[in-house]
Amino acid sequence: MRILQLTKETKHNILNDLLKRSPNHYTEYESRVFEIIEKVRNQGDAAVFSYTKQFDGADISSENIKVTDAEINAAYEKVDEKLLAVIRKAKENIYAYHEKQKRYSWFDSESSGIILGQKITPIQNVGVYVPGGKAVYPSSVLMNVLPAKVAGAERIVMTTPPEADGSVCASTLVAAKEAGVDEIYKAGGAQAIAAMAFGTKSIPKVDKIVGPGNIYVALAKKAVFGYVSIDSIAGPSEILVLADETANPRFVAADLLSQAEHDELASAILITTSSALAGQVSDEIDKFTAVLSRREIILKSLESYGYILIADTMEDAIEAANDIASEHLEIVTENAYEVMTKIKNAGAVFIGEYSSEPLGDYFAGPNHVLPTNGTARFFSPLGVDDFIKKSSIISYSREALEAVHQDIEQFAECEKLTAHANSIRVRFEKE
């Protein structure tokens, strides 16, 4: 893993490299995605079935596209009891964490006859996309579904690509049942996103689509935004570790590799004030990489987007971390909580050497759907707020409006919106 001195130039170059991984840079796929979306929009089920056969090799029809109770019951028979227990523990932690995010309607009244407030309403129909194929992500099911359940969504629909024999991963089905998904459909890729966005005879239209996926899924979500809401356009996974000489190099190396193994575009960065630690972490990475099962993916990830940066001061390291705005940020320093107070941009912050990133991926409770590609500067983790709407409430009595009507009319006339002014004036025209 390359070791560089942290300078303005190296930081600038790294930021440029990281941004190249954004789905916004994969425009060559957009025309294909638009074609799939339009075909599903115009042909409905027929297009979904055709693409499912083409991409997943499965013969799906209106008769078997919806996962049955019998299939879910069979999935429970296949899932190890110990794994089921872990899924249920994780579910409790995730649900409890998100319950603390719940918002409530509020109203303020004044003796003058003014009532102002905010009404909170859950999004009614939520669509959750869960990747399939080579990937198995029951944790993603929990993280995307449970905030919607806490928010009070009335209907949660899930789509996931089937295997060639028409089956769906057992652990995915079990996680969906445990989380409270109402309906599960066997469809993947851009065609599944289009089906949920516009509706087909088999798959209902939803109001919001959440969940990770490949570049086709990401671009499809981007394309249907406006017809429905979406969570975000997710990019490749990222981890940044801030460490000083007190950090355990073996722990740091292991944590960096936990994200590098995701895919070739994943980013793993260590910023440290210790040259000795930098060398030790690099050595530990070599040792781990020699024995880990996803060695080829890790090597490509580290070659393209893996860095060890040596900073002159911790202040310089913190400034670089805020500029990079990583999806996952670990702080392994002597004064970790003090450092944490200076972090402005990060999807999730892990404090201390026993708070490794996979804790957040699976179990602790905070959501693992996080902003990537520097968007932690202005985006937040998926949460209950993503599944609610806020409506403003305004009520004025005649007396309250009379006291201010001339002010409103003057404002409207300033903007040359005479009908606005008239809408107020007409209520007092007899005076």
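This one's a predicted model, so the numbers in the text were calculated from it and none came from an experiment.
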Value rounded to 0.5 Å, distance of CD in Glu30 from CD1 in Ile215: 8.5 Å

Least distance between heavy atoms, Leu242 atom then Ala321 atom: CD1-CB, 4.1 Å

Partner residues of Glu238 under the side-chain hydrogen bond (donor to acceptor under 3.5 Å, both in side chains) criterion, sequence neighbours left out: Arg21

Interatomic distance, Ile120 atom CD1 to Gln118 atom CD [nearest 0.5 angstrom]: 4.5 Å

Side-chain heavy-atom pair Asp255, Phe350 within 4.5 angstrom cut-off: no

4.5 Å side-chain heavy-atom contact, Asp108 and Ile115: no

Atom pair OG (Ser171) and CG (Asp80), whose distance is rounded to the nearest 0.5 Å: 11.5 Å

Contact summary for Asn93 and Ala364, nearest pair of heavy atoms: CB-O, 3.6 Å

Nearest non-hydrogen partners of Gln5 and Ala311, listed with the distance: NE2-C, 4.4 Å

Exercise: identify the closest heavy-atom pair between Ile114 and Ala400: CG1-CB, 3.6 Å

Main-chain N/O of Val157 paired with Asp182 side-chain donor or acceptor, under 3.5 Å: no

Contact check, side chains of Val228 and Met196, non-hydrogen atoms, under 4.5 Å: no

Heavy-atom side-chain proximity of Lys186 to Asp56 below 4.5 angstrom: no

Any side-chain heavy-atom pair of Val48 and Ser202 under 4.5 Å: no

Stepwise side-chain contact (heavy atoms from CB on, under 4.5 Å) test for Asp244 and Glu334: CA-CA 7 Å; Asp244 61 15; Glu334 186 175 15; 3.7 Å; yes

Exam field: side chain Asn125 to backbone Asp207, donor-acceptor pair closer than 3.5 Å: no

Candidate list Phe34, Phe55, Tyr51, Tyr29, test ring-ring contact (aromatic ring centres under 6.0 Å, His included), partner Tyr216, passing option: Tyr29

Distance in Å, Ile297 CD1 paired with Leu257 CG, rounded so as to fall on 0.5 Å steps: 12.5 Å

Polar side-chain atom of Lys177 near backbone of Ile72 as donor-acceptor pair, under 3.5 Å: no

From CA spacing to verdict: side-chain hydrogen bond (donor to acceptor under 3.5 Å, both in side chains), Tyr307, Asp17: CA-CA 11 Å; Tyr307 300 93; Asp17 284 344; 3.0 Å; yes

Heavy-atom neighbours of Lys205 NZ exceed 12 at 6.0 Å: yes

Considering all heavy atoms, the nearest Ala192-Thr159 contact: CB-OG1, 3.7 Å

Main-chain N/O of Leu401 paired to His405 side chain as donor or acceptor, under 3.5 Å: no

Any Thr333 side-chain heavy atom under 4.5 Å of Met314 side chain: yes

Residues, nucleotides or ligands: over 12 heavy atoms within 6.0 Å of Tyr227 OH: no

Exam field: side chain Gln101 to backbone Gly383, donor-acceptor pair closer than 3.5 Å: no

Chi angles and distances behind the side-chain contact (heavy atoms from CB on, under 4.5 Å) call for Ile393, Phe107: CA-CA 8 Å; Ile393 302 297; Phe107 300 90; 3.7 Å; yes

Other residues, nucleotides, ligands: >12 heavy atoms within 6.0 Å of Tyr76 OH: yes

Atom pair NZ/CG of Lys11 and Asn16 - distance to nearest 0.5 Å: 12.5 Å

side-chain contact (heavy atoms from CB on, under 4.5 Å) evaluation trace for Lys221 with Asp231: CA-CA 9 Å; Lys221 287 168 69 178; Asp231 51 351; 2.6 Å; yes

salt_bridge(Glu338, Lys342) N-O dist < 4.0 Å: yes

Pair Lys119, Thr121: side-chain N/O donor-acceptor within cut-off below 3.5 Å: yes

Asn373 side-chain N/O to Thr375 backbone N/O, donor-acceptor pair under 3.5 Å: no

Main-chain N/O of Pro381 paired with Asn367 side-chain donor or acceptor, under 3.5 Å: no

Test log, rule side-chain contact (heavy atoms from CB on, under 4.5 Å), inputs Ile388 and Arg103: CA-CA 9 Å; Ile388 62 170; Arg103 291 177 180 259; 3.7 Å; yes

Test item: side-chain donor near acceptor, Tyr137 and Asn144, under 3.5 Å: no

Main-chain N/O of Gln124 paired with Arg155 side-chain donor or acceptor, under 3.5 Å: no

Check: Pro162 and Ile60 side chains under 4.5 Å, non-hydrogen atoms: yes

Heavy-atom donor-acceptor pair, Arg250 side chain to Gln280 backbone, under 3.5 Å: no

Check: Asp316 main-chain N/O paired with Thr313 side-chain donor or acceptor under 3.5 Å: yes

Side chains of Ile269 and Leu18 in contact at under 4.5 Å (non-hydrogen atoms): yes

Atom NE2 of His420: over 12 foreign heavy atoms under 6.0 Å: no

Heavy-atom closest pair, residues Gly189 and Tyr129: N-OH, 2.8 Å

Within 6.0 angstrom of Glu35 CD, more than 12 heavy atoms from elsewhere: yes

Pairs touching residues 353-363 that satisfy side chain to side chain donor-acceptor pair (under 3.5 Å), sequence neighbours left out: Gln259-Glu357, His328-Glu357

Nearest-0.5 Å distance that lies between atom CD1 in Ile193 and atom NZ in Lys222: 15.0 Å

Stepwise side-chain hydrogen bond (donor to acceptor under 3.5 Å, both in side chains) test for Glu327 and Ser237: CA-CA 7 Å; Glu327 178 188 18; Ser237 191; 3.2 Å; yes

